[in-house]
Every structure is written in C-alpha cells, then in structure tokens.
Amino acid sequence: MKEETENNLNGRQPPQGGGDRRKPDPDAPVKIMQCEDIQGFLFDYISGELDTARSNLVREHLKKCPNCQAAAAEIREAMNVLREGSEALGVPKRLSEDHRKHLMWAVTHPIMDWMDRHHIITSLILAVIVTLYILFVLWHFDIGKREDAKVYEISIMKSDVTNAPLNKIEEIKSPDITNLDEPRPEPRLIDPRSEP
Amino acid sequence: MNQETGGTISEAEKLAAFNAIVSEYESALLRYAARIVQHHDAAQNIVQDAFIKLYRNWKDELLPSAQMLSWLYRVTHNCAIDHLRHETRSQLLHVRHAEQRDEFVPPNRGEGFIISDDAEKAVVALRKLTLREQQLVVLKVYEEKSYAEISEITGLTTTNVGYILHYAMKKLVAELKKAKPA
C-alpha cells in the first residue's frame, strides 16, 4: 500500500500554466481522501496551510492510518532537524560595525560607492584620462619637437676640406635673420702667400 | 535658504528612517542570507547590498511594512544568488567533485563559524536541494512564512509554492534518513 502511495505521489505533475491542482476549491464537495491524497497534503497540514475542512479530514485520517502517521512523523522530524541545525549555525543577529559604517557611507556617497564597487572600470577610465592629459601636455608645449628653425653660427676652415687649394676661406658668418635687409657678405678668397 | 534647510532636514530624516529600517530587518535578512550562502561574512555583504538598494530604489516613504520586507527578501535572495554564481571556479569544482563522490566537504564559512554534527546534517540535506527549493524551505521552515507571503517574495503562485515545498520536504526526509546512523 505504501509503495502504491509513493508511486502515485511521484506520478503527480506540477501545475502548468497557472493550473491549480493542489489548491482546494471552496465550492467543490470535499471527497473522502485516501492515503495518497493525504500524504500529498501532509506538509500543508503540518504547516497550517490547509483550510478547516481538509485539515479536519487529514486529522481524522491520521488517527486511524499508521502509514500516514509515520509519514507525518518523518516530516516533523525533518523540520525539527532543520530548525535545530539552524540554531546551531549561530547566525549573526546584527550587521557588524564595519558593515554598518560602510552602509551609511555608501548611501551618503553614492558616486564614491559606485567607484569602489566598479574599481576595474574606474581604473580604466582614469588611465584613459591620464593618458589623454599627458598627450595634450606634450602637444601643447611642443615637448620633444626638433628645433629646426634655430640658426647656429658656424665657421668652416679651408684646411678642413680635402683636396682644397692652399687658399683659405675666410670665416663665413651666418646671416643675421633678424636683419634681412642687410646684404650678406660674400666669402673672400685670400692667398696665404700674399699675407704678411 | 528655507529650501536648503528643508532639504537638509529631509535628508537627515530619511537617513534616520533608513537607520530604523536597518535595525528592524537586519536580523531576519542576515538569517535568511546566511542559510542560503552558508557563509557569515558573505551574508553580511549581501544584506548590506540589499539595504543600499533599498535606499536608492525605494520610491515610497521609508517606513517598515510587509511590502518592504517582501521586497528586501527578494533583493537579498537575488544578491545571494549572485554571490553563489561569483564563487571561484575552484570552489565550485570542489563542491561538484564532492557531490559526485556523494560526500560533503564543508565550505569555508568564515572565522568563528563552528558547526555541530546535527547542523552539518541539516546543511548537507539542504544543499542537495535546488536553489529554489532551498529558498522555499528556508522561508517556510526557518522564517515560518505563510504560502501567501512566500508567494509575494518569490513571485510564484501559492499552488506552486505548496507543490515545490511538498517535493523538497520529501527529498529532505530521504536525505536525513540516509544520514541517520543505522
């Protein structure tokens, strides 16, 4: 009988599409319940979720059915073990001082809290901002640019030039670019033998 | 000037009301979260996050109500699920491996988390259930909520709540029978 009951229970399908197979219909006449029906409602009965009529039926059935009594006892025992086990776990009753402080800080500093929670995204955004700033500074102050426009004064000696005649080239001075109207002096060849 | 003063008072009042709500519900939510994730420190973080979400998203007046408690349970449950999903791969593999071997390896539950044999048995049995079943068992057996309240928290119909609980209890009875010494 017990096996038959379990098979029947295992064969029950969950309610589909809002179907209400377990919900008692208040208008439906209450039929005489068999063990299989009773065991399907035992947990509801123990936890006080059945309506009065069905609850009375289950109670009456339990008085005379040892199988259902055993099933009810097993459910009660399981509930007791769970409750005792739960008490033994010693769950904290209050938020810790640190969590409480952090909670109040988070609700009063939402942006900082967001940055704290999304620290990877925040780091990436900051890295991009810093990189863009550095690039802007480099571009704005011409740091690293070659200074081609600057004119240096140089002098070339004839003796530095290979295959050159004995003549010496007088120093060529770079023109003064600030005074472009002044004519540039032509280099002058001098015969060193004619020099004193 | 008046507006500024009014705004400041309003914000201070909101914070005071929020503080009162935290004091009112923290215990129940900590119990719930700790039973789902089996970790004290994680439960503290989860409940803290749930309250932050409450402060930011609750549109009505911050006054304790059944509706607010249901909302908080729902958010706490979602945060707990997120936490379980974000557990490290190695931990998950470890647990799965233990399940395959049909034995239970107690997870790291944080400092000072001492557990008795009976509690361990209950935890083992509870862990064998699906997350949805665990949620309903915790709400019904530990928190002693009615089907209607559970329905409001989970979004399931009361019929479904009863149905899932019926089969969850059957599984629990079978697991606890197995764990019982002969």
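Residue numbers begin at 1 in each chain, while the letters A, B, ... track the order of the sequences.
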TODO: Name the region of B/Y55, side chain, backbone, both or neither, that has any atom closer than 4.5 Å to a heavy atom of chain A.
DONE: side chain
- [ ] Count the heavy-atom pairs under 4.5 Å between each of B/D49, B/L29, B/V138 and chain A, then report the option with the highest count.
- [x] B/D49
Task: Contacting moiety of B/V137, where chain A heavy atoms sit under 4.5 Å - done: side chain
Open item on the list: Less than 4.5 Å apart, side chain to side chain, heavy atoms only: is that true for B/F51 and B/I21?
Closed with: yes
Open item on the list: Which one wins on heavy-atom pair count under 4.5 Å against chain A: B/I52, B/V47, B/L172?
Closed with: B/I52
Open item on the list: If the condition is side-chain contact (heavy atoms from CB on, under 4.5 Å), which residues does A/W139 pass it with, not counting sequence neighbours?
Closed with: A/F136
Task: Residues in residues 96-106 of chain A near chain B [non-hydrogen atoms, under 4.5 Å] - done: A/S96, A/H99, A/R100, A/H102, A/L103, A/M104, A/A106
TODO: Following the transitive rule for hydrophobic clusters with a side-chain heavy-atom cut-off under 4.5 Å over Ile, Leu, Val, Met, Phe, Trp and Tyr, establish whether B/L136 and B/I81 coincide in one cluster.
DONE: yes
TODO: State, yes or no, whether a side-chain contact exists between B/T154 and B/R74 at a heavy-atom distance under 4.5 Å.
DONE: no
Task: Contact class of B/L176 relative to chain A, heavy atoms under 4.5 angstrom - done: side chain
- [ ] Look at atom CD1 of A/I111 and say whether more than 12 heavy atoms of other residues, nucleotides or ligands are closer to it than 6.0 Å.
- [x] no
Task: B/L63 atom CG: more than 12 heavy-atom contacts under 6.0 Å - done: yes
Open item on the list: Less than 6.0 angstrom from the centroid, inside 45 degrees of the normal: does B/K170 satisfy that with respect to the ring of A/F43?
Closed with: no
TODO: Can you label the angle between the B/W71 ring and the B/W58 ring as parallel, tilted or perpendicular, going by 30° and 60°?
DONE: perpendicular
Open item on the list: Under 4.5 Å from any heavy atom of chain A, what part of B/R56 do you find: side chain, backbone, both or neither?
Closed with: side chain
Task: Under-4.0 Å salt bridge between B/R35 and B/E143 - done: yes
